[in-house]
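What follows is a set of notes on a single structure, which appears directly below.
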Amino acid sequence: MIRFILGRIAYLVPTLIGITIVAFGFVRVLPGDPVLLMAGERGMSPERYAEVSRQLGFDRSLPEQYLDYVWRLLHGDLGTSLVTKKPVLAEFLALFPATVELALCAILLAALIGVPAGVLAAIKRGSWFDQITMGTALVGYSMPIFWWGLLLIIFFSGMLGWTPVSGRISLLYFFPPVTGFMLIDSLLSGQKGAFASAASHLILPTIVLATIPLAVIARQTRSAMLEVLGEDYVRTARAKGLPPRRVVGMHALRNALIPVVTTIGLQIGVLMAGAILTETIFSWPGIGKWMVESISRRDYPVVQGGLLLIAVIVMVVNLLVDLLYGLINPRIRHR
Amino acid sequence: MTDSVDLEADAPNSGGLRDSLREFWFYFSGNRGAVLGLVVFVLLVLLALLAPVIAPHSPTMQYRDAILLPPAWAEGGRSGFWLGTDAVGRDMLSRLLYGARFSLFIGVVVVSIALVFGVVTGLLAGFFGGWVDAVAMRLMDIILAFPSLLLALVLVAVLGPGLTNAMIAIALVLQPHFARLTRAAVLAEKNREYVVAARVAGAGSMWLMFRTILPNCLAPLIVQGTMSFSNAILDAAALGFLGMGAQPPTPEWGTMLAEAREFILRAWWVVTLPGLAILLTVLAINLMGDGLRDALDPKLKRS
């Protein structure tokens, strides 16, 4: 098992190096002088230019610059935002919980609805339930979620007035972040109505972000379940005269869930891409919105750092999913 | 030397293209959703091609006396503007029709670029193996390590916002899927008898890769191509929505949505219609994709 884990980690090293090269190279292939772009100052004097250039290490050879960049990364130095003048890592860590909270709620919603829907559709294959569920799933899978979010705002916020349009919590409430998760912090604050406000702000973004993973999970669960239901051991269990509920619950579902768990885990990339759009529509102060704004503000140190951090997080989560898959499916480990 | 040997006769499915097409249609037409998707898609292609003929107005003409008119059937609508007008008095129907051209064009161009580069990369990696394979596949891993929309967004930031750059960025992001798929198919086919036979008959590497092996890897590539087509349209619309794709006044659906955002609570049609167009297009393509997969994947064929 240890060998399996180490092997998987070793496999990721080239990708990790690749990611740092992409982040490092990104500012150097931008049109324009990287010194000016990274300094974000206009009308610099030649002395100032030379100083900044030396400070940022642009006066040295590319390999030296790269090693220096990696050295800084290893010390947690991802540069400084041009706009806020704060360290990129600190900004990221401040905004990251908002995205995690949203993404966790979304994936929970997607799994809680998607898995039972997929299982039921598989059991009742060909029924109207199956057809409607799979039809809906395909619509969800095809959904431009930025439009879907706008529709929900028009309907629930505009016409019914049920949910707020943007942000994480009403401005009436203020309390210091403890965990960074608004749902938990609002409870900890003890302020009346704070939790309800946080929850109502979370509903629409969660639905929007959950849409595509939900569709993928439902489709994947159905096909995994159908495959398992056709296996010999399920037929044997049926032939033994076990009640259908036991066959489905004990024999089929447990095996069908193995690929489904992987599917759920692999949605992290989809969630991060979705967060960019969802957070932009709902003004959700997370890293997706932060990245979009930084790109349009040309805050390149932030874009560089954010790109790197997001890729590393996706990679680590995928690694964990991979390891989990090995854990629950012993067949994989020994390959 | 090798002229006398008919290399293509060695391939397993070289006989009877018509038969395989008929078989394909048998399975494809058995899937009602897929046929519906095909019909909608053909209709969209026709609308896009005929846009200059059937669009009642120019997509960029601004009618200053007809700003934010609702659709013709709603209260306050005008019969000249069936689906209403946008915030600067442009006819929605005409813009949507022209938008279909952009979306389909984006899909075709992006998939073509991604397919060509992905297939060549995958063929080289799978066929030659060794360090070529290692380098190519690690490169693909790196691209896949980034969430696709984020990488496309950053690439467009590097290249500069605009439709062309958005298409290049999306193609680059989609390309690894083709490369991996081709490589896997090549590895599965490369040691089969018909390939060995062709090699013994004196076929060169190029011939083996493109004429002997590639035609037998087509099925998964066609399915992936369809899926990528819809992804390309969605991603391009998303980039347009974020202001990094096609720029106003281009009647691209995502860009139209971005322009319409501030009117969401006042004029539902400027928001609803472009998104509906994106959804219908993508849904039609995905329906076809599901049908293609069922028809082309022998594992799933009902016997």
Side-chain angles (χ1 to χ4, degrees), chain A residues 11-12 14-19 21-23 26-27 29-31 131 134-135 138-139 141-148 150-151 153-155 157-159 165 219 223 268-277 280-281 288 291-292 294-296 298 300 303-304 306-307 310-312 314-315 318, chain B residues 32-33 37 134-135 137-139 141-161 230 233-235 237-238 240-244 253-254 257-258 260-261 264-266 268 271-272 274-287 289-290 299-300:
Chain A
Y11 181 79
L12 288 179
T15 313
L16 187 62
I17 295 172
I19 292 172
I21 292 176
V22 170
F26 152 69
V27 287
V29 294
L30 280 169
Q131 294 190 357
M134 286 305 113
L138 196 66
V139 173
Y141 182 69
S142 310
M143 188 63 83
I145 58 168
F146 44 99
W147 174 68
W148 178 223
L150 296 179
L151 279 194
I153 291 178
I154 291 181
F155 190 70
S157 309
M159 287 163 71
V165 179
R219 279 160 65 96
S223 61
I268 169 87
V270 178
L271 286 173
M272 291 312 306
I276 293 172
L277 295 164
T280 304
I281 299 166
M291 284 299 280
V292 172
S294 303
I295 287 173
S296 51
R298 297 170 188 276
Y300 291 119
V303 178
Q304 183 185 36
L307 189 67
I310 293 173
V312 170
V314 171
M315 202 178 81
N318 283 342
Chain B
R32 268 177 299 159
V135 170
M137 287 303 116
R138 285 302 80 73
L139 276 177
D141 283 350
I142 293 166
I143 297 176
L144 288 173
F146 298 93
S148 59
L149 185 65
L150 178 65
L151 187 58
L153 203 59
V154 171
L155 280 170
V156 174
V158 172
L159 300 166
S230 57
I233 292 177
L234 272 182
D235 281 355
F241 180 73
L242 293 172
M244 296 305 241
W253 293 335
L257 268 175
R261 248 185 96 183
I264 54 171
L265 298 179
R266 279 203 284 147
W268 58 267
V271 182
T272 322
L276 197 62
I278 302 172
L279 175 63
L280 283 179
T281 310
V282 173
L283 185 60
I285 297 165
N286 283 342
L287 277 169
D290 274 8
K299 244 173 69 183
L300 293 168

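Protein chains get the first letters and strands the later ones, always in sequence-line order, with residue 1 at the start of each. The shown structure was predicted, so the numbers you read here are calculated from the model rather than taken from an experiment.
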Interatomic spacing from CG in B/L153 to CD1 in A/I276 - rounded to 0.5 Å: 6.0 Å

Atom of B/I142, atom of A/P14 and distance for their closest heavy-atom approach: CD1-O, 4.4 Å

Atom of A/A273, atom of B/L149 and distance for their closest heavy-atom approach: O-CD2, 3.7 Å

A/W147 (side chain) donor-acceptor with B/V271 (main chain) under 3.5 angstrom: yes

Separation of B/W268 CH2 from A/L150 CG (nearest 0.5 Å): 15.0 Å

Which atom pairs, one a donor and one an acceptor, fall under 3.5 Å between side chains of residues 274-287 of chain B and the rest of the protein, sequence neighbours left out?
from: B/T281; atom 1: OG1; to: B/A277; atom 2: O; distance (Å): 2.7
from: B/N286; atom 1: OD1; to: B/S230; atom 2: OG; distance (Å): 2.7
from: B/N286; atom 1: ND2; to: A/S142; atom 2: OG; distance (Å): 2.9

Stepwise side chain to side chain contact (heavy atoms under 4.5 Å, CB included) test for A/L151 and B/I264: CA-CA 8 Å; A/L151 279 194; B/I264 54 171; over 6 Å; no

Top contributor to chain B interface from A/L12, A/V22, A/V27, A/V303 [non-hydrogen pairs under 4.5 Å]: A/V22

Per-residue contact mode, B/R32 against chain A (heavy atom under 4.5 angstrom): side chain

Which atoms of A/V29 approach chain B - backbone, side chain, both or neither, heavy atom under 4.5 Å: both

Engaged part of B/L234 at the chain A interface, taking heavy atoms whose separation is under 4.5 Å: both

Salt bridge (charged side-chain N to carboxylate O under 4.0 Å, His left out) against B/R138, all qualifying residues, sequence neighbours excluded: B/D141

Pick from A/M272, A/R298, A/R219, A/M291 with the largest number of heavy-atom pairs that fall under 4.5 Å of chain B: A/R219

Most contacts with chain A, counted as non-hydrogen pairs under 4.5 angstrom, among B/L265, B/L155, B/V154, B/D235: B/V154

Contact origin within A/I281 toward chain B - heavy atom pairs under 4.5 Å: both

Worked check of side chain to side chain contact (heavy atoms under 4.5 Å, CB included) between B/R261 and A/T280: CA-CA 11 Å; B/R261 248 185 96 183; A/T280 304; 4.0 Å; yes

Heavy-atom side-chain contact between B/F146 and A/L307 under 4.5 Å: yes

From CA spacing to verdict: side chain to side chain contact (heavy atoms under 4.5 Å, CB included), A/F146, B/L242: CA-CA 9 Å; A/F146 44 99; B/L242 293 172; over 6 Å; no

Which atoms of A/V314 approach chain B - backbone, side chain, both or neither, heavy atom under 4.5 Å: side chain

Worked verdict on A/Y300 versus B/V158 for side chain to side chain contact (heavy atoms under 4.5 Å, CB included): CA-CA 10 Å; A/Y300 291 119; B/V158 172; over 6 Å; no

